[in-house]
Amino acid sequence: MTTRWTRKDLLGLRELSADEINFILDTADAFKQVGTREIKKVPSLRGKTLVNFFVEPSTRTRTSFELAALRLSADVINISATTSSLTKGETLKDTARNLEALHADIFVLRHGSAGAPQFLANRLKASVINAGDGAHEHPTQALLDLYTIREKRRQIAGLHVAIVGDILFSRVARSNIFGLLKLGARVTLVGPSTLVPREFEKLGVEISHKIDEVLPKADVVNLLRIQHERQRREYFPGIGEYIRFFGLTKERAKLLKADCLIMHPGPINRGVEIDSEVADGLHSVILNQVTNGLAVRMAVLYLCGGISA
């Protein structure tokens, strides 16, 4: 087991070892206890400045990182694309380097272009945390998913995890695939053939286009929304068609194992990828994911922020 963290940045799970992933999850265990205290704050990053740099819109991820930083006693600056000099033609690199000149220590970056966090990490002394880059990776979302599964099922190795929906355009799916496989899970991707191409089999996953055959065998079902904003053409006939073949309806939920976990990274399109009764039902750990995201992001900021000292 890794006993110390040596990375300045967190750019993706593809580059992490199983030991490094488990080390983050173990660190998150300690930080989750902070949320149960009367005073929900520790001085771990006192004197540090975090820049939440979100070039793409976000609610859960941005708020989670902001609250995580505040609970670690860091100062936080929130910047969106519409309020930054990017609108005036300034490059991403120049914007970040100007902020670093103001002694920012950690950058949390969400960007529509795959590789943008890596680009900054190679040019800045400050730590860079990837909060989602294009259809590439979303490492902290996958980490909180892994943490939630481990918390509920005690271990990940040997579990069968089905990821259902828009895999082709999903950074969440990619990070989950890398993390789950490294920790010993079996992964099946489910969705229309246009959104779940056979190309993904090269990563070591199974592929199915028949959700009713997969649900009875799954220990975890992670549902993804259709990413219309990334699609330049229609990948299936219509929403009604998608619900009919791949939506987790109340009727389909009867196929699930009694202890199956239902997950969703949000935002949920109720009545499309999942019915409201299922999203709010006994199988659902969706709100647990949100709570665990805070502990996981505290762990990531603490580990990377310490390296950048």
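In this text the structure is predicted, and so the values were computed from the model without any measurement.
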(request) Kindly determine whether S113 and F119 satisfy side chain to side chain contact (heavy atoms under 4.5 Å, CB included), including the steps that lead there. (result) CA-CA 10 Å; S113 297; F119 176 84; over 6 Å; no
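- Screening N222, I156, N176 against I149 for a side-chain contact (heavy atoms from CB on, under 4.5 Å) leaves a single residue, I156.
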(message) I'd like to know whether L195 forms a side chain to side chain contact (heavy atoms under 4.5 Å, CB included) with I167, so could you lay out the CA-CA distance, the side-chain angles of the two residues, the decisive distance to 0.1 Å, and finally the verdict.
(response) CA-CA 6 Å; L195 293 175; I167 309 297; 5.8 Å; no
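- No donor-acceptor distance shorter than 3.5 angstrom exists from the side chain of R252 to the backbone of D212, with no hydrogens or angles considered.
- Within the 4.5 Å cutoff, no side-chain heavy atoms of S127 are placed close to those of R7.
- Each of K152, R154, R153 was checked for a salt bridge (Lys or Arg N to Asp or Glu O under 4.0 Å) with D259, and the lone residue meeting it is R153.
- With respect to the salt-bridge test (charged N to carboxylate O, under 4.0 angstrom), the residues R171 and D133 do not qualify.
- Between the side chain of D9 and the backbone N or O of V128 there is at least one donor-acceptor pair closer than 3.5 Å.
- Side-chain contact annotation: T188 with H160, donor-acceptor N/O pair under 3.5 Å present.
- For the atom pair CG (L189) and CZ (R198), the distance works out to 10.0 Å, reported to the nearest 0.5 Å.
- Aromatic ring pairs are classed by plane angle as parallel below 30°, tilted from 30° to 60° and perpendicular above 60°; the pair Y302 and F31 is perpendicular.
- Across every non-hydrogen atom of L13 and S175, the tightest pair is CD1-O, 3.5 Å.
- Around the NZ atom of K250, the shell of radius 6.0 Å holds no more than 12 heavy atoms that belong to other residues, nucleotides or ligands.
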(request) Could you walk me through whether W5 and T27 pass the side chain to side chain contact (heavy atoms under 4.5 Å, CB included) test, one step at a time? (result) CA-CA 10 Å; W5 181 262; T27 305; over 6 Å; no
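- S73 places a side-chain N or O within 3.5 Å of a backbone atom of V42 that can act as its donor or acceptor partner.
- For the side-chain contact (heavy atoms from CB on, under 4.5 Å) criterion with Y242, the lone passing option out of V272, D166, N269 is V272.
- Annotation: side chain of V164 is not in contact with side chain of V214 (no heavy-atom distance under 4.5 Å).
- Cluster annotation: I274 is not connected to L287 through the hydrophobic network of ILVMFWY side chains, with a link wherever side-chain heavy atoms come within less than 4.5 Å.
- Checking side-chain atoms of T36 against main-chain N and O of Q33 turns up a donor-acceptor pair under 3.5 Å.
- Of all heavy-atom pairs spanning M263 and V220, the tightest one is SD-CG1, 3.5 Å.
- Here the CG-CD1 distance, from D275 to I268, works out to 11.5 Å after rounding to the nearest 0.5 Å.
- Side chains of D280 and R270 form a contact here, defined as non-hydrogen atoms less than 4.5 Å apart.
- Between D219 and G158, the closest heavy-atom pair is OD2-O, 4.4 Å.
- In the hydrophobic cluster analysis, where Ile, Leu, Val, Met, Phe, Trp and Tyr join through side-chain heavy atoms closer than 4.5 angstrom, V221 is grouped apart from V290.
- Residue E273 comes nearest to L224 through the heavy atom pair CB-O, 4.0 Å, listed as atom of the first residue, atom of the second, then distance.
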(request) Evaluate the criterion side chain to side chain contact (heavy atoms under 4.5 Å, CB included) for residue pair F200 and R174; output intermediate values, then yes/no. (result) CA-CA 9 Å; F200 280 96; R174 285 168 174 80; 3.6 Å; yes
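- Salt bridge status for E100 with K125: absent, with no side-chain N to carboxylate O gap under 4.0 Å.
- Ion pairing of R150 with D29 is present here, as a side-chain N (NZ or NE/NH1/NH2) and a carboxylate O approach within less than 4.0 Å.
- Considering CG of L11 and SG of C304, their distance stands at 8.5 Å, rounded to 0.5 Å.
- In this structure, CZ in F246 is found 10.5 Å from NZ in K210, a value given to the nearest 0.5 Å.
- No side-chain N or O of N130 forms a donor-acceptor pair with one of E137 less than 3.5 Å apart.
- Listed here is the closest heavy atom pair of C260 and A218: SG-O, 3.6 Å.
- Proximity of L203 to V187: side-chain heavy atoms (C-beta onward) are nowhere separated by under 4.5 Å.
- If you run side-chain contact (heavy atoms from CB on, under 4.5 Å) between L223 and each of V278, I163, L248, V190, only L248 comes through.
- For the atom pair CD (E213) and CG (L215), the distance works out to 10.5 Å, reported to the nearest 0.5 Å.
- Proximity of a side-chain donor or acceptor of K217 to a complementary backbone N or O of K257 within less than 3.5 Å is not detected.
- By the 6.0 Å contact criterion, CG on L102 is enclosed, its count of non-hydrogen atoms from other residues, nucleotides or ligands being greater than 12.
- Summarising the geometry of V55 relative to L109, their closest heavy-atom pair is CG2-CD1, 4.3 Å, with the distance given to 0.1 Å.
- Both tests do not hold together for R110 against F54: distance to the six-membered ring centre under 6.0 Å, angle to the ring axis within 45°.
- For the side-chain contact (heavy atoms from CB on, under 4.5 Å) with V108, the lone residue among N78, N52, L10 that qualifies is N52.
- Atom CD of E277 sits about 12.5 Å away from atom NE2 of H283, to the nearest 0.5 Å.
- In this structure, E20 contributes its side chain and S17 its backbone to a donor-acceptor pair below 3.5 Å.
- Between D94 and R123, no side-chain nitrogen of the basic residue sits less than 4.0 Å from a carboxylate oxygen of the acidic one, so the salt-bridge criterion is not met.
- The shortest distance between side-chain heavy atoms of T6 and R4 falls below 4.5 Å.
- Between the side chains of N292 and E151, a donor-acceptor pair is found at a separation under 3.5 Å.
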